[in-house]
2 protein chains.
Amino acid sequence: MDSLRERKKQATRVALQEAALRLALRKGPENVRVEEIAEAVGVSPRTYNNYFPSREHAIVAALTAARAPDIPAGVPLADGIIDAVVRFYTDPGEAMLIITTNPALRTCYADAVTGIEEPVAAAIAARGADPRTAEVLAAAVAAAARVALRRWLQPTGVPGLMMVSGTLPELIRAALAPLSPALDAVKTHPVA
Amino acid sequence: MDSLRERKKQATRVALQEAALRLALRKGPENVRVEEIAEAVGVSPRTYNNYFPSREHAIVAALTAARAPDIPAGVPLADGIIDAVVRFYTDPGEAMLIITTNPALRTCYADAVTGIEEPVAAAIAARGADPRTAEVLAAAVAAAARVALRRWLQPTGVPGLMMVSGTLPELIRAALAPLSPALDAVKTHPVA
DNA sequence: GTGAAAAATTGCGTGCACGCAAGTTTGCGT
DNA sequence: ACGCAAACTTGCGTGCACGCAATTTTTCAC
């Protein structure tokens, strides 16, 4: 399905993402109205919400766009997954900084971690785990990644300032480490 | 802090929960307006939102109220946690049924699982785990419980795929089982 | 008790999310 | 090329979440 229709949809989706990000960078996320984004793209506000369920989602989508973690084979599962997640969250640019400025954006960005669950679950299942086990472990991995993100984004007492307690890759490795035993146990429970 | 002020706050909070639940049961969750709940309690709609951040939260709070998981000591950590979560989600009543009728309520209820994270983390830390490890594992437990809930609440998936769900306790045990290796590994990493 | 500080309630205004019922565009069979 | 059905867009209306500032209630020290 590479129809005109599909291409147009994708085009406006991307246009909305980019417009949202550009406006957020210029004016600060709080000062961007949905109406502006829509107008910048030449679309009605109502249509914006047909593409994105909230004001923040377009911005987050712009930062997350088109990226998917790929888990290498041939290494211990835990290591592969940890590396993949670290790679996935290796800063795609300094645009990421605006995330820290806005609570709603932070929440939305943290929720977006859910996007890695499906690929991770697939990778785990590919190692011979029961699909339901894979789903649970993937959810656990995502939860741990969320904890890492939360630590990274943790606010100080000072309004507007963020306390960065280590680099994000370090935090992710630290957060995922406790799950290693469960991930590496996958081989021992091939109850498929 | 058992001042008049505190007691009053708690009273209106409870009143709001109960009113919300009662109205939801009588008219269906979709047909309950925030205004009604507020009015039933004799409070302004604005005040409702000072107590609960959304329309659904009061209903969910009514079902979750005052319950906290307690993790027994003296048994393997994984077993204790699994039992505690199962007990926590053992249906206190059939009021739970309304949850299934409404997507927003389902989401809100699933999000409420987060409430077990703190107690679970405390229990894990009490076994000698590093607090950060405990936090991650608790998040993983909550994520697994969420998966179980999702499976339980998923009344209908794709037509043709059979609904394999059993009782909630069974689903929770099944979902938490894959995390056991990570939980039981806690002893081996007392990096306090 | 009395008055002032702290906390809670309230009304108001704004922007957002979304169901619904038109309108408009695109895809496709003939 | 035609025309119809499906998909997409749009305007409208409603209810909700929440910042803000004014008002009322509670607390506390004297």
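Quick note on labels: first sequence line is chain A, next is B, and so on, each numbered from 1.
If you take CD of A:Glu30 and P of C:dT14, they are 18 Å apart, rounded to a whole angstrom. The distance from atom CG of B:Leu16 to atom C1' of C:dA8 is 14 Å, rounded to the nearest whole Å. As rounded to whole Å, 7 Å separates atom P of D:dC8 from atom CD of A:Glu6. Atom C1' of nucleotide C:dT25 and atom NZ of A:Lys9 are separated by 13 Å, given to the nearest angstrom. In this structure, B:Gln10 atom CD and C:dA7 atom C1' are separated by 16 Å, rounded to whole Å.
Within a 6.0 Å sphere centred on CD of B:Glu30, other residues, nucleotides and ligands contribute more than 12 heavy atoms. The number of heavy atoms from other shown groups lying within 6.0 Å of CD (B:Glu118) does not exceed 12.
Looking at residues 33-59 of chain B, you'll see B:Arg33, B:Val34, B:Arg46, B:Asn49, B:Pro53, B:Ser54, B:Arg55 sit with a heavy atom under 4.0 Å from some atom of DNA chain D.
Applying the side chain to side chain donor-acceptor pair (under 3.5 Å) definition to pairs two or more places apart or across chains, those involving residues 17-29 of chain B are B:Lys27-B:Glu36.
Between B:Ile124 and B:Thr133, every side-chain heavy-atom pair lies at or beyond the 4.5 Å cut-off.
A:Thr47 pairs by the side chain to side chain donor-acceptor pair (under 3.5 Å) definition with A:Ser44, not counting sequence neighbours. Judged as a ring pair (Phe, Tyr, Trp, His ring centres under 6.0 Å), and not counting sequence neighbours, A:Tyr51 has no contacts. Applying the side-chain contact (heavy atoms from CB on, under 4.5 Å) test to B:Ala104 and every residue at least two apart in sequence or in another chain returns B:Glu56, B:Asn102.
A salt bridge does not link B:Arg173 to B:Asp79: none of the charged nitrogens lies less than 4.0 Å from a carboxylate oxygen.
One finds a side-chain N or O of A:Lys8 lying less than 4.0 angstrom from the OP1 or OP2 phosphate oxygen of C:dT26.
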List every contact pair, protein side and nucleotides 3-6 of chain D side both N or O, where the distance is under 3.5 Å.
none

